[in-house]
Chemist: 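I have a structure I would like to understand better, so I am pasting it below and will then ask my questions one at a time.
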Amino acid sequence: LILCGLHTDFSIPQISYASTAPELSDNTRYDFFSRVVPPDSYQAQAMLDIVMAMGWSYVSTLASEGNYGESGVEAFVQISRETGGVCIAQSLKIPREPKPGEFDKIILRLLETSNARAVIMFANEDDIRRILDAAKRNNQTGHFLWVGSDSWGSKIAPVIQQEKVAEGAVTILPKRASVDAFDRYFRSRSLSNNRRNVWFAEFWEENFGCRLGSHGKRPGSLKKCTGLEKVGRDSSYEQEGKVQFVIDAVYAMAHALHRMHRDLCFGYPGLCPRMANIDGKELLAHIRAVRFNGSAGTPVVFNENGDAPGRYDIFQYQITNKSTAEYKVIGHWANHLHLNMEAMRWANGGRAVPASVCSVPCRTGERKKIVKGVPCCWHCERCEGYHYQASEFSCELCPYEQRPDRNRTGCQPIPIIKLEWHSPWAVVPVFVAMLGIIATTFVIVTFVRYNDTPIVRASGREVSYVLLTGIFLCYAITFLMIAAPDVVVCSLRRIFLGLGMCFSYAALLTKTNRIHRIFEQGKRSVTAPRFISPASQLVITFSLISVQLLGVFVWFAVDPPHTVVDFGEQRTQDPENARGILKCDISDLSLICSLGYSILLMVTCTVYAIKTRGVPETFNEAKPIGFTMYTTCIIWLAFIPIFFGTAQSAERMYIQTTTLTVSLSLSASVSLGMLYMPKVYIIIFHPEQNVPKRKRSFKAIVTAATMSGKLTQKGADRPNGEVKTELCESIDTNSEYATLLLLAR
């Protein structure tokens with residue numbers, strides 16, 4: 001570089017056949033410098049292309065101390081940063097004067113980043129040999145993947161006796177051809193015909209391993225040179241790789257001088273006056289304009305920086321037949337890489353390209369979390385929950401109605417389910433409801449068939465039919481609750497969900513209120529209370545029912561019925577189990593409000609049942625109503641914690657639907673069993689008891705009922721607990737029915 005600077009100072013053009021340092025491409029400092037070999041920046045680019053073609057993203061660099069090694073590595077690092085995709089694990093330097101054990105330390109340091117198996121080497125021949133030897137000593141044969149610059153090329157010396165550790169090494173060499181004419185000339189040289197070369201005698205001794213007399217350069221050698229030795233016959237011979245470039249450099253200068261002579265001398269033979277004092281800049285212009293086919297048949301040209309184009313052959317050191325080792329051409333580079341991957345062989349003849357990466361590629365559904373400062377190293381993190389892999393480095397949340405697919409590379413709709421008829425959660429309520437509907441239908445048919453019999457008439461036929469209608473609706477709502485939701489089904493659910501209970505408890509409330517008023521009135525006077533006729537009872541009952549219907553119609557107006565898909569109810573931690581629930585848009589609060597009025601009627605009816613608990617046993621209609629209401633309250637008290645306690649359960653839809661329908665069916669069954677089954681039993685199995693009794697006045701009945709109560713109380717004081725009087729005997733067991741029948745007339 002100093003010499004080049006001097007030539008620049010004196011404006012002397014220079015053409016190099018071996019200098020490859022990248023700094024010499026700086027036209028501002030070395031503007032008179034040209035070369036017929038490509039600079040190391042091209043070589044570094046070619047080596048980077050090789051590394052990327054192999055898929056190696058994590059490599060180390062190793063350079064001999066000095067301009068060649070350091071500048072080559074610097075060029076490689078700079079280009080790799082600009083290109084991206086390759087990270088440098090370590091950049092190590094071999095000292096000019098290495099200490100003992102220095103190469104072993106370098107190998108150990110390279111092993112600190114053992115994943116970076118590929119080592120990019122810009123080192124001299126001796127350093128290459130010693131590095132390979134150190135790797136062999138440290139039992140690292142086959143671990144490192146060497147990528148050598150043109151200083152390694154296809155030379156035999158660095159790999160002698162180290163073939164196994166060098167196996168698979170990829171090296172690069174400027175494209176060149178052997179010059180046959182030079183071989184013929186050099187093989188013909190001898191001590192007698194080449195006296196003008198003062199170094200030839202030293203070469204002769206070194207090449208043939210002998211000494212030339214007492215003044216020879218190898219005084220320790222016992223063998224004496226005869227002078228009859230022949231190059232290539234008595235010694236190994238291989239043409240120096242730079243011979244082609246030496247010839248091309250000489251011819252490039254000759255072509256430039258020839259063109260300059262032609263332009264300045266205009267055919268004047270010899271050196272004309274215009275060329276007596278050559279202007280360096282003028283000669284440089286002619287050098288840069290040179291273009292001819294060189295000794296290898298490739299064009300010799302220079303760019304604006306005086307550099308030759310980059311053309312390289314790519315070699316791989318291979319061991320064939322487990323014994324023969326040789327360099328094989330596996331590709332070439334001329335601005336672009338052309339590599340024959342099929343021709344490559346690695347350790348033990350393997351064809352698969354070994355890996356040299358910091359981190360293995362993440363699996364599908366995993367994102368890369370880059371290690372700070374090392375873009376080629378990362379940790380793989382799986383996209384968890386409802387996240388999917390949106391890109392190589394990020395996970396994103398799927399839309400609410402979707403879940404990640406199996407590979408977590410995208411989102412897919414969450415399956416939508418509903419309560420199916422064949423589900424065990426539906427089979428049990430449907431079975432209970434069907435039994436209840438059959439039983440209710442049987443009771444209604446029996447009552448219609450025996451409509452004019454005393455028991456049916458005394459039970460209050462009109463209100464009983466309303467009550468039985470409510471019981472029927474309580475069973476029937478089960479089918480609406482299980483049916484597939486749509487606008488019609490949702491509308492019917494709103495109407496009939498609370499209507500069945502409202503029918504039942506409005507009728508029962510009317511009944512209990514009537515009994516309470518009759519006996520309260522009987523304590524004060526013998527006149528009948530108002531509004532106890534069947535028509536009055538129906539008006540009261542339907543007035544109570546109309547409040548429920550009015551509330552439902554207001555609900556329709558404020559919030560029209562529609563279906564929704566609830567993705568939150570079964571949004572499990574594992575997206576594979578996530579389901580969307582198709583259901584009517586009825587919240588838990590709306591459900592309670594819909595049933596709230598019926599529950600209020602039920603509580604009020606229970607209060608009246610408690611008030612009428614003192615009615616004499618002879619008037620036994622109040623007692624079954626009381627037991628019915630007590631049992632119903634227990635059922636609904638159990639319903640509330642079950643219904644709301646499962647709000648967070650994954651089976652919420654099934655549990656709540658089943659609980660609600662079964663509770664309604666049980667309430668209806670209690671009313672049906674306690675109020676009507678005894679009557680049906682008497683009607684069918686004891687028709688002799690279902691006959692008219694003699695009619696008595698309201699005053700007589702109330703007096704008899706009052707006396708019956710007193711006598712019953714006195715009877716408790718007798719030893720046998722029996723009271724038999726004419727009055728008691730005259731009152732039959734269906735006095736209450738008779739009373740109500742008389743009052744209805």
Side-chain angles (χ1 to χ4, degrees), residues 43-44 47 50-51 54 56 58-66 68-70 72-73 76 88-173 236 238 241 313-330 344-350 353-356:
Q43 183 176 202
M47 296 171 77
I50 292 170
V51 167
M54 300 295 177
W56 298 337
Y58 197 51
V59 301
S60 295
T61 62
L62 186 59
S64 293
E65 187 175 3
Y68 170 78
E70 293 178 33
V73 165
F76 180 87
I88 309 301
Q90 295 190 74
S91 285
L92 304 181
K93 188 186 299 183
I94 303 172
R96 278 196 176 92
E97 297 179 0
K99 299 177 181 178
E102 187 70 36
F103 290 93
D104 292 316
K105 291 180 181 178
I106 291 173
I107 293 297
L108 294 176
R109 286 195 59 188
L110 289 173
L111 289 173
E112 291 176 2
T113 52
S114 58
N115 285 349
R117 296 177 61 188
V119 180
I120 313 303
M121 297 183 68
F122 282 86
N124 59 53
E125 184 177 324
D126 185 58
D127 287 344
I128 294 170
R129 179 181 57 78
R130 296 170 75 177
I131 280 290
L132 293 177
D133 185 52
K136 183 179 179 181
R137 283 197 307 272
N138 286 273
N139 297 319
Q140 296 304 316
T141 299
H143 175 77
F144 292 109
L145 308 170
W146 312 106
V147 181
S149 63
D150 60 351
S151 60
W152 185 337
S154 58
K155 294 176 182 177
I156 298 298
V159 296
I160 291 177
Q161 297 181 351
Q162 298 176 145
E163 290 81 1
K164 289 298 292 182
V165 74
E167 184 180 9
V170 178
T171 61
I172 190 171
L173 198 62
S236 60
E238 181 182 0
D313 283 327
I314 302 168
F315 298 87
Q316 187 181 39
Y317 190 67
Q318 299 180 0
I319 299 177
T320 58
N321 300 325
K322 297 183 179 180
S323 59
T324 306
E326 60 180 338
Y327 290 97
K328 286 192 175 182
V329 177
I330 58 171
M344 302 186 76
R345 299 291 183 274
W346 303 93
N348 301 318
V353 179
S356 181

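Count residues from 1 along the sequence. Predicted model, so just to flag it, every value in this text is computed and none were measured.
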Chemist: Does Y58 offer a backbone N or O that forms a donor-acceptor pair with the side chain of S356 under 3.5 Å?
Modeler: yes
Chemist: Looking only at heavy atoms, which two atoms of A44 and G72 are closest? And how far apart?
Modeler: CB-O, 4.2 Å
Chemist: Going from OG on S64 to CG on D127, what distance comes out if it is rounded to the nearest 0.5 angstrom?
Modeler: 3.5 Å
Chemist: Determine yes or no for a side-chain-to-main-chain donor-acceptor pair under 3.5 angstrom, with R117 supplying the side chain and G142 the backbone.
Modeler: yes
Chemist: Among side-chain atoms of Y68 and S149, is any donor-acceptor pair under 3.5 angstrom?
Modeler: yes
Chemist: Are N124 and E65 close enough that some pair of their side-chain heavy atoms sits under 4.5 Å apart?
Modeler: no
Chemist: Tell me if a side-chain donor or acceptor on Q43 pairs with a main-chain N or O of D150 at a distance below 3.5 Å.
Modeler: yes
Chemist: Quick one: are Q162 and D133 in side-chain contact, heavy atoms under 4.5 Å?
Modeler: yes
Chemist: Is the shortest heavy-atom distance from the side chain of E326 to the side chain of T320 under 4.5 Å?
Modeler: yes
Chemist: Donor-acceptor pair, distance only, cut-off 3.5 Å: does the side chain of Q140 make one with the backbone of N138?
Modeler: yes
Chemist: Looking at R109, I want to see if its CZ is surrounded by more than 12 non-hydrogen atoms of other residues, nucleotides or ligands under 6.0 Å.
Modeler: no
Chemist: With a 4.5 Å limit on heavy-atom distance, are the side chains of F122 and T61 in contact?
Modeler: no
Chemist: Nearest 0.5 Å, please: how far is CD in E238 from NZ in K155?
Modeler: 10.0 Å
Chemist: Might you point out which heavy atoms bring Q318 and K328 nearest each other, and give the distance in Å?
Modeler: OE1-CD, 3.3 Å
Chemist: Where is the tightest heavy-atom contact between T171 and G153, given as atom of each residue plus distance?
Modeler: OG1-O, 2.7 Å
Chemist: Quick check for you: to the nearest 0.5 Å, what is the distance between L145 atom CG and H143 atom NE2?
Modeler: 8.0 Å
Chemist: Of all heavy-atom pairs between I156 and Y327, which one has the smallest distance, and what is that distance?
Modeler: CD1-CE1, 4.0 Å
Chemist: Given F103, which partner from the list L132, I94, L108 fulfils the side-chain contact (heavy atoms from CB on, under 4.5 Å) test?
Modeler: I94
Chemist: If you count heavy atoms of other groups shown closer than 6.0 angstrom to CD of E112, is the number above 12?
Modeler: yes
Chemist: Does the side chain of V59 come within less than 4.5 Å of I88's, by heavy atoms?
Modeler: yes
Chemist: Let's go through K164 and E167 carefully: what are the C-alpha distance in whole Å and the side-chain angles of both, what is the deciding distance for salt bridge (charged side-chain N to carboxylate O under 4.0 Å, His left out) to 0.1 Å, and is it a yes or a no?
Modeler: CA-CA 5 Å; K164 289 298 292 182; E167 184 180 9; 3.4 Å; yes
Chemist: State whether the side chain of W152 and the backbone N or O of V147 hold a donor-acceptor pair below 3.5 Å, judged by distance alone.
Modeler: no
Chemist: Flag the pair I128 / S151 as yes when at least one side-chain heavy-atom distance between them is below 4.5 Å, and no otherwise.
Modeler: yes
Chemist: If you round to the nearest 0.5 Å, how far is CE of M47 from CD1 of I314?
Modeler: 10.5 Å
Chemist: Taking all non-hydrogen atoms of both residues into account, name the closest pair between I131 and I107 and its distance.
Modeler: O-CD1, 4.0 Å
Chemist: Report yes if some heavy atom in the side chain of M344 is under 4.5 Å from a heavy atom in the side chain of V170; otherwise report no.
Modeler: yes
Chemist: I need the W346 CH2 to M54 CE distance, nearest 0.5 Å.
Modeler: 4.0 Å
Chemist: What pair of heavy atoms forms the shortest contact from R96 to P98, and how long is it?
Modeler: O-CD, 3.3 Å
Chemist: Give a yes or no answer on whether the side chain of E70 reaches the backbone of A63 with a donor-acceptor pair at less than 3.5 Å.
Modeler: no
